[in-house]
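The structure appears right after this line, and notes come after that.
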Amino acid sequence: MWFFRPSPPPINLGAELTVELHNHVLPGLDDGARSMEEAVQMIFFWAEMGYQKVITTPHIGATFRPSPHQIEETYSRLCQCLHEQEIPIFLTAAAEYLLEAELKADLTALRAFGPKRHLLIEFGFWVLPPRWQELTFALQSAGYTIVIAHPERYEFATRELLRRWYEQGFYLQLNLLSLVGYYGKAALQRAEYLLEKGWVHFVGSDMHSPSQIAPLRKALQHKTLRRRFSTFLNPSLL
Ligand SMILES: [Fe+2]
């Protein structure tokens, strides 16, 4: 006998994730958005996808070192633009830090987010810094919860290292674009491996420019991602 089984209602993934937490939308501070117009275009995409909040994370480290004043000032101007254009989304200003010794200079002043004082940390893509354990320990001891940005993108990220990060209590943030092969095959394979293992705590866009809107739209349709949406912790940051 045949039974009619209604298909489940389609998931609006943006509305489920609610919070976007890794991007370079604050214009003119790093290699991200180049103008307010570009920034508004990027934010409009998240609003359209159903996100409610965007945590902005300009690069801090190596080539880019925006001051707290520059970040606050740009953030205020962008909020004003969104208000004028009636784009309904809540914006906050954090940062994406390169893991480097300079971070220890003032451990009280880092731009964390969420109730667990999450700190978004990235490494250089080719070599794991020799003092990474000492530095991450200093950050954890100062009360921060480390979120490793795009672990799937690092050339040195073996499966063993990914496991170690996960078991050590670091939170792992996957880039949505990795799932559509935007950064190449190795990053795609690591991204799928992390999803399969259930080691992904957060998903983020790492959007730098409006040209990435189309591939991001596609990434939000990724099958495994959509199956796993209820396991991501993005909504805990709302
Ligand atoms: Fe980034």
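Both counts, for ligands and for their atoms, begin at 1 and track the order of listing.
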Can you label the angle between the H150 ring and the H22 ring as parallel, tilted or perpendicular, going by 30° and 60°? tilted
Let me check your reading of the structure: within less than 2.8 Å of the Fe ion (ligand 1), is there an N/O/S atom from D206? yes
Is the distance from the Fe ion (ligand 1) to the nearest N/O/S atom of H208 under 2.8 Å? no
Can you name the N/O/S atom of H24 that is nearest the Fe ion (ligand 1)? NE2
Of all N, O or S atoms in E96, which has the smallest distance to the Fe ion (ligand 1)? OE1
What distance separates R65 CZ from Q70 CD, expressed to the nearest 0.5 Å? 12.5 Å
Tell me, yes or no, whether the heavy-atom count around K116 atom NZ, taken from other residues, nucleotides or ligands under 6.0 Å, exceeds 12. no
Pair R163 + E167: basic N to acidic O under 4.0 Å: yes
